[in-house]
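Below you'll find the structure, written out as structure tokens, and then a few comments.
Note that the coordinates shown come from a computational prediction; the quantities given were computed from them, not determined experimentally.
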Amino acid sequence: MLSRKGIIPEEYVLTRLAEDPAEPRYRARERRARFVSKKGNCNVAHKNIREQGRFLQDVFTTLVDLKWPHTLLIFTMSFLCSWLLFAMAWWLIAFAHGDLAPIEGAGEPCVTSINSFSSAFLFSIEVQVTIGFGGRMVTEECPLAILVLIVQNIVGLMINAIMLGCIFMKTAQAHRRAETLIFSKHAVIALRHGRLCFMLRVGDLRKSMIISATIHMQVVRKTTSPEGEVVPLHQVDIPMENGMGGNSIFLVAPLIIYHVIDANSPLYDLAPGDLHHHQDLEIIVILEGVVETTGITTQARTSYLADEILWGQRFVPIVAEEDGRYSVDYSKFGNTIKVPTPLCTARQLDEDRSLLDALTLASARGPLRKRSVAVAKAKPRFSIAPDSLS
């Protein structure tokens, strides 16, 4: 209408896309929110916490959990505030004793060479950090000055211990070591020893080992109890098959961790058609152990959503023996190949084992059939005439 009236030129009018206003607009369903991110961070927001004072009861842990800018700000302000506070105390002692404007013939001052607040601030720094330039010192004239000197030394030692300990703990946090513990981007489901197995690959990029390494897996999904109670994050442990017994692993080279999908598994009714981003399924993997060099316990975490699980795939080998030792090719860490796998649930496979027999027979005949066809199509490069044989 505005272009028709000449108010806006036609070349500046945006034409509206052709669409039917009566047609309903459908919105694609968003991807399921992760409980644990791929990097191991927990995707949980804590809101409406009324008892905030509980964090102050554990000041050291609160300082360690703060971000680096906030920690450095508190580190700097703690020293500046203590220096200013005791500088004020030294200035008041000098003012009360009359040392700021000394009179001829007066007695010995409490602290020598304090004539202003600036000199009192410099003396406070010298006392707390034990610099001792030699120009200012406490005398025997004022017992109160000696008491303030003792108190400032004790307070300075406490601040040094807390702040330096906080900085050390932040730089030596366990999750720093977890940066070199890697998991495969995708998990796979394939046959192993005639059973469907959920498999993933884990590795350590450092030469220093993780001592007493253990791994745990959990399935997190939304469930409803028979009484109608909705559990938004129902966690179920997944047993792991390990020849060493328990969940312990010897993580020297990358390992393939697998879980046999049997009747006790929460993945027993999982079908290939369920592996999409609409499926309410998340598998959390937790690797925990002690760092060999520091002795600190570290933990690495990751998770796999339904669309990050590949059906009928298997990890390619990456460990090979070269020059008398084993070599690991991390460029193929997450590579997979397709393998024959039944397109059914583990329950259906247990109820009808003929599916596995048919799959085994088909996979065995496949290469022979291709080879026979190739031989039939092959043409000889030369022929021998019958006359030449005579």
Side-chain angles (χ1 to χ4, degrees), residues 28-32 34-36 38 183-202 215-226 231 233-243 247 255-285 302-317 334-371 373:
R29 183 180 175 183
E30 297 181 357
R31 188 175 184 177
R32 181 188 184 276
R34 288 183 178 272
F35 185 53
V36 177
K38 297 295 288 185
F183 300 88
S184 57
K185 183 179 179 181
H186 295 89
V188 298
I189 293 180
L191 288 174
R192 175 174 281 194
H193 304 299
R195 305 295 298 272
L196 285 176
C197 297
F198 172 85
M199 294 177 282
L200 62 100
R201 177 174 276 168
V202 60
I215 193 164
H216 304 274
M217 290 188 290
Q218 289 184 342
V219 170
V220 178
R221 59 180 18 161
K222 183 178 180 181
T223 59
T224 304
S225 65
V231 182
L233 296 173
H234 182 60
Q235 303 178 16
V236 181
D237 290 333
I238 299 179
M240 185 189 66
E241 293 295 327
N242 189 1
N247 295 328
L255 298 176
I256 295 178
I257 309 300
Y258 72 97
H259 156 71
V260 177
I261 305 177
D262 53 11
N264 299 323
S265 173
L267 307 178
Y268 196 50
D269 295 320
L270 185 66
D274 298 332
L275 301 181
H276 50 78
H277 66 278
H278 298 328
Q279 181 70 18
D280 187 12
L281 174 67
E282 182 176 1
I283 300 177
I284 300 175
V285 183
T302 190
S303 69
Y304 299 95
L305 297 181
D307 58 342
E308 295 173 345
I309 303 174
L310 306 178
W311 192 283
Q313 301 276 344
R314 184 172 59 194
F315 292 105
V316 300
N335 293 0
T336 61
I337 57 174
K338 291 185 178 180
V339 292
T341 306
L343 301 177
C344 62
T345 64
R347 181 189 297 274
Q348 295 173 349
L349 184 61
D350 290 343
E351 294 175 353
D352 188 4
R353 299 298 294 181
S354 61
L355 298 174
L356 182 61
D357 299 335
L359 182 67
T360 305
L361 184 61
S363 59
R365 291 181 176 179
L368 296 176
R369 184 179 300 175
K370 292 181 180 179
R371 184 176 179 181
V373 172

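At distances below 3.5 Å, not a single donor-acceptor pair connects side-chain atoms of Ser303 with backbone N or O atoms of Glu282. When atom types are taken as modelled, the side chain of Thr302 and the backbone of Lys38 share a donor-acceptor pair closer than 3.5 angstrom.
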Which atom pairs, donor and acceptor, lie under 3.5 Å between side-chain atoms of residues 265-272 and protein residues at least two apart or in another chain?
residue	atom	partner	partner atom	Å
Ser265	OG	His259	NE2	2.7
Ser265	OG	Leu267	N	3.1
Tyr268	OH	Asp350	OD2	2.8
Asp269	OD1	Arg347	NE	2.5
Asp269	OD1	Arg347	NH2	3.4
Asp269	OD2	Arg347	NH2	3.3

When the side chains of residues 186-196 are checked against the rest of the protein, which donor-acceptor pairs come out under 3.5 Å, sequence neighbours left out?
none

Donor-acceptor contacts under 3.5 Å from residues 335-342 side chains, at least two apart:
residue	atom	partner	partner atom	Å
Thr336	OG1	Gln313	OE1	3.1
Thr341	OG1	Val339	O	3.2

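Here CG of Leu305 is found 11.5 Å from CG of Leu275. Values are rounded to the nearest 0.5 Å. Atom CZ of residue Phe315 and atom CG of residue Leu255 lie 12.0 Å apart, to the nearest 0.5 angstrom. One distance of note links CD1 of Ile238 with CD of Gln218; it measures 8.5 Å at 0.5 Å rounding. To the nearest 0.5 Å, atoms CE (Met240) and CG (Leu200) are separated by 9.5 Å.
His216 pairs by the ring pair (Phe, Tyr, Trp, His ring centres under 6.0 Å) definition with nothing, not counting sequence neighbours. For Thr345, there are no side-chain hydrogen bond (donor to acceptor under 3.5 Å, both in side chains) partners at least two apart in sequence or on another chain. Legend: residues meeting side-chain contact (heavy atoms from CB on, under 4.5 Å) with Thr224, ordered by chain and number and at least two apart, are Val230. Remark: Lys185 engages no residue in a salt bridge (Lys or Arg N to Asp or Glu O under 4.0 Å) (not counting sequence neighbours). Residues satisfying the side-chain hydrogen bond (donor to acceptor under 3.5 Å, both in side chains) test with Asp352, not counting sequence neighbours, are Ser354. For Asp274, there are no side-chain hydrogen bond (donor to acceptor under 3.5 Å, both in side chains) partners, not counting sequence neighbours. When the side-chain hydrogen bond (donor to acceptor under 3.5 Å, both in side chains) test is applied to Ser184, the partners found at least two apart in sequence or on another chain are Tyr304.
Closest approach of Ala306 to Gln279, counting heavy atoms only: CB-CB, 3.6 Å. Nearest heavy atom pair, residue Cys197 against residue Tyr258, reads SG-CD1, 3.9 Å. When all heavy atoms are compared, the tightest approach of Met217 to Ile257 is CE-CG2, 4.3 Å.
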